[in-house]
Amino acid sequence: MKWLDKQVLAPVALDEAPVELPTFEHPKLEPEMPLTRLKIRNKIRGYCEDFEIDNDGYKRIMNLLEHEMDKGLGKETNAAATIKMFPTYVRSLPDGSEEGNFLALDLGGTNFRVLLITLHGGEVKMESKIYLIPQYIMQGSGNQLFDHLADCCAKFMKAHAISHLSLPLGFTFSFPCKQHGIASASLQTWTKGFKCAGVEGEDVVRMFHEAVKRRKDIDITCVAILNDTVGTLMSCAHDDHNCEIGLILGTGTNACYMEKLDNVELWDGDDKEPKQVIINTEWGAFGDNKCLDWFRTPYDKEVDEFSLNGGKQVYEKMISGMYMGEIARLVILKLTQEGLMFGGEVSEELETRQRFYTKYISEIESDDEDEFRNTKQVLEEMGIETFTIEDCRNVRYVCEQVSTRAAYLASAGIAVLLNKISKPEITVAVDGSLYKFHPKFHDRMVDKISTLVNPGIKFKLMMSNDGSGKGAALVAAVAYRILQHQRRQLRL
Ligand code: ADP
Ligand code: MG
C-alpha cells in the first residue's frame, strides 16, 4: 500500500483490521502502546483534514474573492474593502522600443537589490547586487531605512563607476501602496516582517528622494514606483503579448492584471487610449474581514497570532513562503506531541518558531520515496535524533497537504482573474522562489486552474525571470520618455 498516492487515500475506517500491515513499533514508543501504522496514519489524516478543500469549496472561495475584488474596484465600496485593487498608472505593455540605462531598486521581502539595466532594441542587460537589510533597520525608523537604501545605491554606483551619472530609477516597492501617479505612492501598511516607524501613510518616493538629497554624493531621480507583480507582468509581456496577469509566490503573495478603465470606478487619470490600467490587487489581504474563517485551521490561526501583523494578510499567510514552513512545523509539532511521530520526542528546533524553513518543504517533496534522502537530512537539521521511514512518509504527507492547499488557493485566485479578463488566450507571468523551487507547485496550479477556469479560456503559467529588475526598468523607460516629452513641451 502506498500511502502517498492520492488514489489510495480513500477513507479507511479506524476499526478496520489492518490485515496487510505489520505492527508499527517505534523505538521510542512504550511497548504497552503499540499503534499500528494504519491507526497512526488515520490519526494524522484527522489532524490534517482541514487542509483538504473540495472543488465546491474552491468555487466558493472564488466567488468570495470576486465579490471582494468588485468591492475594491467600486467607488462607494472601496473604503471598506479588504482587497484594495490599486490602479497602478501603468497603462500599456512594453513594445520593445524601450531604450536607455536605468537603475532599479527591488525592496519587498527577503533581499534588497540594486540593479543597473540597459535596454536596447528589445535586448536587456542587467547587473545587480544584493544588499542585506538588518533586522534593526527592518523594524527601525523610516528615515533609517531610506538612508540605508540610498547608501546601498551610492555603494553600487561607486562600484560600477557611475556615481557621476544622473540616472532615472524604477523602484520596485512590494508593499501595499495607494498610487497617486506613476512616481508617487503612499504606503498603506507594512507586511512581510517590515515595520519601520513613520512610513505608513507617507509617499515613499518622496522619502527616498529626501534620503538621496541628505547624502549629496549621488544624483538619482525615481521616475516610477511599482509593485513586483507589475514588474513581473511587464517583464514577461516584453516577450509575450498575451501576458495580462502578474503573480508573485515568494515571501508574500500578490497578483496584478490588466483591467478596462470602465471597470475602475476610482480611476482619476486621463481616459485616453489605451483605455486600460494595470490593477495591483493586493490580494494577500483577502480574508482580513474573516470571510475565509470557515476553512482556516488552528495552525493558520497560530501563525497569525505570532506574526507582526495579526489579523492581516489572511490569504497570504495560507499561501506564501514566509509562512508555509511555519504551518508545516506546527502540524508536525502537534503530531509529535500526540505521539504520532518520532516516538513522541520533540526537539528544541521543532519547538522553535520559524525554524522549519519553507525550502525544506521543496526538498522533502523532491525526495525519491524509497530513499527519503532530503527528508532524513531535514529531520537531522531539525534535531530529530530517531525516526523511521514511516515518520519520513508522514512528514512528507504533512508537507504535501500544506503546499497543495497553498497551490490550490493561489489557483482559485488566478482563475478569478482569468475569468475577469475572459480572453481566449492569456499568459500569467509568475515570479518568486516558492513557485520557482517547489517541485510541484506549477503542475498543481495548472491542474487546479484547469478545473476552475471558465470554458473557452486557454492559459499558460510562465516563469518570469527577474521581473522586479527588468520590469522596473521597462516601466521607468516609459515614464522617463513621458517626462522628457513634458519637459520639452514646457521649454517650447
Ligand atoms: P521575495 O518574495 O522576498 O522577493 P523570493 O521570491 O526569493 O523573494 O521568495 C523568498 C521566499 O521564498 C522565502 O520566504 C522562502 O521561504 C521561500 N523560499 C526560498 N527558497 C525556497 C525553496 N527552495 N522552496 C520553496 N520556497 C522557498
Ligand atoms: Mg522578489
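Whatever order the structure lists ligands and atoms in, that order sets their numbers, starting from 1. All residue numbers in this chain count up from 1 along the given sequence.
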Trainee: Hey, could you give me the CE/CG distance between Met207 and Leu145, rounded to the nearest 0.5 Å?
Mentor: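 Taking CE in Met207 and CG in Leu145, the distance rounds to 8.0 Å.
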Trainee: Could you tell me which residues satisfy side-chain hydrogen bond (donor to acceptor under 3.5 Å, both in side chains) with Asp447, sequence neighbours excluded, listed by chain and number?
Mentor: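 Here no residue qualifies.
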Trainee: With sequence neighbours excluded, tell me which residues meet side-chain hydrogen bond (donor to acceptor under 3.5 Å, both in side chains) with Asp466.
Mentor: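 If we apply the side-chain hydrogen bond (donor to acceptor under 3.5 Å, both in side chains) test to Asp466, skipping adjacent residues, the hits are Arg113.
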Trainee: Measuring from each atom of ligand 1, which residues have a heavy atom under 4.0 Å away?
Mentor: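 Contacts of ligand 1 under 4.0 Å: Gly109, Thr110, Gly250, Thr251, Gly321, Met322, Thr358, Lys359, Ser362, Gly432, Ser433, Leu434, Phe437.
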Trainee: Under a 3.5 Å threshold, yes or no: a donor from one side chain and an acceptor from the other, between Asn280 and Thr88?
Mentor: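 No.
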Trainee: Using the ring of Tyr131 (Phe, Tyr or Trp, six-membered ring only), decide whether Lys129 places NZ or CZ under 6.0 Å from its centre and within 45 degrees of its axis.
Mentor: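 Flagged: Lys129 positioned over aromatic ring of Tyr131.
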Trainee: List in chain and number order the residues that pass ring-ring contact (aromatic ring centres under 6.0 Å, His included) with His241, two or more places apart in sequence or in another chain; answer none if no residue qualifies.
Mentor: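 Once residues adjacent in sequence are excluded, His241 has no partner under the ring-ring contact (aromatic ring centres under 6.0 Å, His included) criterion.
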